Amino acid sequence: MTGTPDRRRSAEARPESLSDLLGGRRGAVDATLPPLAFGLGWVLGGLGGGVLAAVVAGAAVAGWRWRRGDRPRSVLVGLLAVCLAALVALRTGRATDFFLLQIASNAASALAWAVSVVVRWPLLGVVVGLALGQRGRWRRDPALLRAYGRASWVWTATYVLRLAVFVPLWLDGQVVALAVARAALTWPLIAAALAGSWVVIRRSLPAGHPGLRHPVGASDPAAGRVTGPEK
C-alpha cells in the first residue's frame, strides 16, 4: 500500500499534460504545410501557383489526417480554412491576403482569451475542462480558477506576438516572410505556450492540490492554501 497514492497521482499527471489535452503539436505541424507551400508556389508561379500549391498541400494534409483517424469535422475545417484563404487572395489579387484570415483569427483569439480571463471564464480552463469531461466544475475550485486565469495570459501573449510579426509583414507585402513566420510561429510557439502555461498552472496550484482532474470544492481547505508547486 505504501506509495500507491503517489504512483496513482503520477500516472494521472502524465495524461493531464496540456500537450495531450490540447492536441499536441501534430495538428500545428499540419497547419504549417499549406502556408509554406503557398510561399514556394508564389515564388515559382505567382499568385496562381501559390494558390494551387496551398490547396494541393491542404488536400494532402487532409487526406493524411483522415487516414490517421482524425475526426472528419476537424479534417474538413482545416481544408476549408486553406480554401478560404486561397479565395481571399484570388479575390483581392494580393498574395499577402492569403494570410489575412490568419491575422484576423489571431486578433479575435487574442481578444477572446483576454476577455475570458477578465470575466473569470478563462478559456484554458474551458478547453481543459471539456477535455476532461468536467464542464464547469473546475470553476468551483478557486485555486484552479486562479491557475487557469494566469495560464490563459500565456496563450493571449502568443496571439499578440503573432500579430506583432504578421501585421507589419502583411502591410509591407512580404509574402515569403509571412509564410516563414507562419511556420516559425505555429508549432514552436504552441509548444512554448503549452510548456509555459503548464508551469504557470503547477506553480499557481497550492501544495497538496490533487490536480487538474480533481477540482476541489470552494469549501475544501485545500482550495485556499498558500500557492506553491503542485506535488
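Model, not experiment: these values are computed from the prediction. Count residues from 1 along the sequence.
- A distance-only check finds a donor-acceptor pair linking the side chain of Asp141 to the backbone of Val216 [under 3.5 Å].
- The backbone N or O of Gly173 lies less than 3.5 Å from no partner atom in the side chain of Arg94, so there is not a single donor-acceptor pair.
- Using a 4.5 Å cut-off between side-chain heavy atoms of Ile, Leu, Val, Met, Phe, Trp and Tyr, with links allowed through other members, Leu178 and Leu84 fall into the same hydrophobic cluster.
- Residue Ala143 comes nearest to Pro206 through the heavy atom pair CB-CD, 3.5 Å, listed as atom of the first residue, atom of the second, then distance.
- Taking CH2 of Trp121 as the reference point, atom CG of Leu123 lies at 10.5 Å (rounded to 0.5 Å).
- Shortest non-hydrogen contact noted between Gly133 and Arg137 is O-NH2, 4.5 Å.
- Tracing side-chain contacts under 4.5 Å through hydrophobic residues (I, L, V, M, F, W, Y), one never reaches Leu40 starting from Phe98; they form parts of separate clusters.
- Judged by distance alone, with hydrogens and angles left aside, the side-chain atoms of Arg162 form a donor-acceptor pair with the main-chain N or O of Leu185 at under 3.5 Å.
- Taken together through direct or relayed side-chain contacts under 4.5 Å among Ile, Leu, Val, Met, Phe, Trp and Tyr, Leu189 and Val200 form parts of separate hydrophobic clusters.
- For the residue pair Trp187 and Thr32, no side-chain donor N or O sits within less than 3.5 Å of a side-chain acceptor on the partner.
- In this structure the side chain of Val167 reaches within 4.5 angstrom of the side chain of Ile103, judged on heavy atoms.
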- Start with the C-alpha gap between Leu111 and Tyr159, add the side-chain angles, then the distance that decides, and say whether side-chain contact (heavy atoms from CB on, under 4.5 Å) holds. CA-CA 9 Å; Leu111 180 61; Tyr159 297 112; over 6 Å; no
- Task: Start with the C-alpha distance between Val126 and Ser116, add both sets of side-chain angles, then the distance that settles side-chain contact (heavy atoms from CB on, under 4.5 Å), and finish with yes or no.
- Result: CA-CA 9 Å; Val126 173; Ser116 76; over 6 Å; no
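- Ala184 and Pro188 make their closest contact through O-CG, 3.4 Å (heavy atoms, listed as atom of the first residue, atom of the second, distance).
- Atom CG of Leu52 and atom CG of Leu47 lie 11.0 Å apart (nearest 0.5 Å).
- Clustering ILVMFWY residues whenever any of their side-chain heavy atoms sit less than 4.5 angstrom apart, transitively, puts Val160 in a cluster other than the one holding Val117.
- Between the side chain of Ser152 and the backbone N or O of Tyr148, at least one donor-acceptor pair lies under 3.5 Å.
- Nearest approach of Ala37 to Ala53, heavy atoms of both residues: O-CB, 3.3 Å.
- Taken from CH2 in Trp138 to CG in Leu130, the straight-line distance is 9.5 Å, to the nearest 0.5 Å.
- Val165 and Phe99 fall within the same hydrophobic cluster, where Ile, Leu, Val, Met, Phe, Trp and Tyr residues are linked whenever their side-chain heavy atoms come under 4.5 Å apart, directly or through other members.
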- From CA spacing to verdict: side-chain contact (heavy atoms from CB on, under 4.5 Å), Val154, Val199: CA-CA 10 Å; Val154 175; Val199 169; over 6 Å; no
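- Closest approach of Leu101 and Ala85 over heavy atoms only: CD1-N, 3.6 Å.
- With rounding to the nearest 0.5 angstrom, the CD1 atom of Ile201 is 13.0 Å from the CZ atom of Arg203.
- Ring-plane geometry between Trp155 and Trp113 is classed as parallel, the angle between the planes falling under 30 degrees on a 0 to 90 degree scale with a further cut at 60.
- For Phe166 against Gln102, the heavy-atom pair with the smallest separation is CE1-CG, 4.1 Å.
- Between the side chain of Gln134 and the backbone N or O of Leu212, at least one donor-acceptor pair lies under 3.5 Å.
- Taking the centre and axis of the six-membered ring of Trp153, the NZ or CZ atom of Arg150 falls outside the cone set by 45° and 6.0 Å.
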